[in-house]
Protein chains: 2
Amino acid sequence: MNIPISQFFQLLSDDTRLRSLLLIQQEGELCVCELIHALNIIQPKVSRHLAALRDAGIVVDRRQGQWIYYRLHPELPDWASQVIDTMVAEAVTHEPFIHDLSALAEMPNRPDAACCA
Amino acid sequence: MNIPISQFFQLLSDDTRLRSLLLIQQEGELCVCELIHALNIIQPKVSRHLAALRDAGIVVDRRQGQWIYYRLHPELPDWASQVIDTMVAEAVTHEPFIHDLSALAEMPNRPDAACCA
DNA sequence: ATCGTATATACGTTTAAACGTATATTATCT
DNA sequence: AGATAATATACGTTTAAACGTATATACGAT
């Protein structure tokens with residue numbers, strides 16, 4: 001898992017990808033429909049940006065029934081994890097991340113990965 | 001000095017800007033001609049990218065005679081400094097940064113900011 | 001087998017970045 | 001004042017991202 005540094009930053013430079021990634025890091029694992037709800041962004045847009053993160057090796061996905069869950073790549077380089085952690089710590093005090101998190105918490109019929117894995 | 005997070009990453013996503021910024025952080029302060037030499041990139045390109053960093057508040061410049069020196073903005077937010085420090089630590093072990101640093105060290109007639117400020 | 005839900009991908013268009021070349025600006029030296 | 005050096009900016013072009021809409025795929029339930 002060797003991500004060119006400038007590619008990594010290029011991926012974090014888009015708001016949809018950045019918000020997705022921070023939510024994923026904060027929550028551990030999220031499926032596409034949770035991100036759609038939390039971010040209030042249409043499905044193809046969310047999927048497209050998640051695919052970019054996956055293709056670069058920043059996240060991995062796993063299918064569970066009809067849902068596809070994304071989490072950080074387990075072998076992310078240290079520097080990348082550090083940057084993501086730094087940004088989560090920063091983002092929790094600012095919009096739009098605060099709102100994204102509460103929208104996620106209030107999502108109705110949220111699928112629960114833990115309950116049925 | 002309040003830089004939107006995604007704009008910050010957008011700026012670091014270009015190789016010329018990233019290499020410039022890491023060199024500036026490593027060296028404390030550099031003028032344009034030093035960067036031109038270290039990076040082996042034509043002058044208008046270097047200047048253009050430095051202007052982008054300056055306009056975003058990531059670096060500040062000062063004129064000293066015919067040279068213009070760039071350094072990190074003294075009031076950069078903590079998260080931004082942390083990210084830059086993380087990346088310098090990473091980059092020193094990889095190309096092209098290693099080469100950039102040695103090209104700078106071997107620059108002939110290198111202006112010395114300290115000697116005549 | 002069909003239907004509904006979740007997700008991914010393809011396509012054509014629009015928006016934004018980056019580029020090289022040319023020119024302008026500001027300082028130094030003669 | 002004129003010449004040279006360092007740097008910045010403007011301009012037109014090319015390259016690359018992002019977008020919305022439409023469609024394809026995979027699964028679960030009936």
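Any value given below was found using the heavy atoms of this structure, including those in side chains, with hydrogens, waters and symmetry copies removed. Throughout, protein chains are lettered first and strands after them, A, B, ... in sequence-line order, and every chain is numbered starting at 1.
Judged by distance alone with a 3.5 Å cut-off, a donor-acceptor contact links the side chain of B:Gln43 to the base of D:dA8.
Smallest separation of non-hydrogen atoms from A:Gln26 and A:Phe97: CB-CZ, 4.2 Å. In plain terms, the two heavy atoms of B:Ser20 and B:Thr16 that are nearest each other are OG-O, 2.7 Å. Nearest heavy atom pair, residue B:Cys31 against residue B:Pro111, reads SG-CG, 3.7 Å.
Side-chain nitrogen and oxygen atoms of A:Tyr69 include none within less than 4.0 Å of the OP1 or OP2 phosphate oxygen of C:dA6. Remark: B:Arg48 is not in phosphate contact with C:dA17, judged by side-chain N or O atoms under 4.0 Å from OP1 or OP2. Here A:Tyr70 does not reach the OP1 or OP2 of C:dA6: none of its side-chain N or O atoms lies under 4.0 Å away. Side-chain nitrogen and oxygen atoms of A:His49 include at least one within less than 4.0 Å of the OP1 or OP2 phosphate oxygen of D:dC19.
D:dT15 atom P lies 18 Å from atom CD of A:Gln10, rounded to whole Å. The separation between A:Leu50 atom CG and C:dT7 atom C1' is 10 Å, rounded to whole Å. If you measure from atom CH2 of B:Trp67 to atom C1' of C:dC29, you get 12 Å, rounded to the nearest angstrom. Going from atom CD1 of B:Ile42 over to atom P of C:dA22 covers 11 Å, rounded to whole Å. One can place CG of A:Asp61 at 7 Å from P of C:dA8, the figure rounded to the nearest angstrom. Rounded to whole Å, the distance from CD on B:Glu34 to P on D:dA5 is 18 Å. When the P atom of C:dT7 is taken as reference, atom NE2 of A:His37 falls 14 Å away, rounded to whole Å. Regarding B:Ile36, its CD1 atom lies at a distance of 8 Å from the P atom of D:dA6, rounded to whole Å.
Residue B:Gln66 is classed as a sugar-phosphate contact, given heavy-atom separations below 4.0 Å to backbone atoms only.
Position along DNA chain D of the nearest nucleotide to B:Cys31 versus A:Lys45 favours B:Cys31 as the more 5'-ward residue.
Between C:dT26, D:dA8, C:dA6, one nucleotide has an atom nearer to the side chain of B:Arg63 than all others, and that is C:dT26. You'll find that the side chain of A:Pro44 is closest to D:dT21, out of D:dT21, C:dA6, D:dG20. With distances taken from any side-chain atom of A:Ile68 to the nucleotides D:dA6, C:dA18, C:dT7, the minimum falls on C:dT7.
For the pair B:His37/B:Pro108, a side-chain contact is recorded, criterion being any heavy-atom separation below 4.5 Å from C-beta on.
The environment of CG in A:Asp78 is sparse: at most 12 heavy-atom neighbours from other residues, nucleotides or ligands sit within 6.0 Å.
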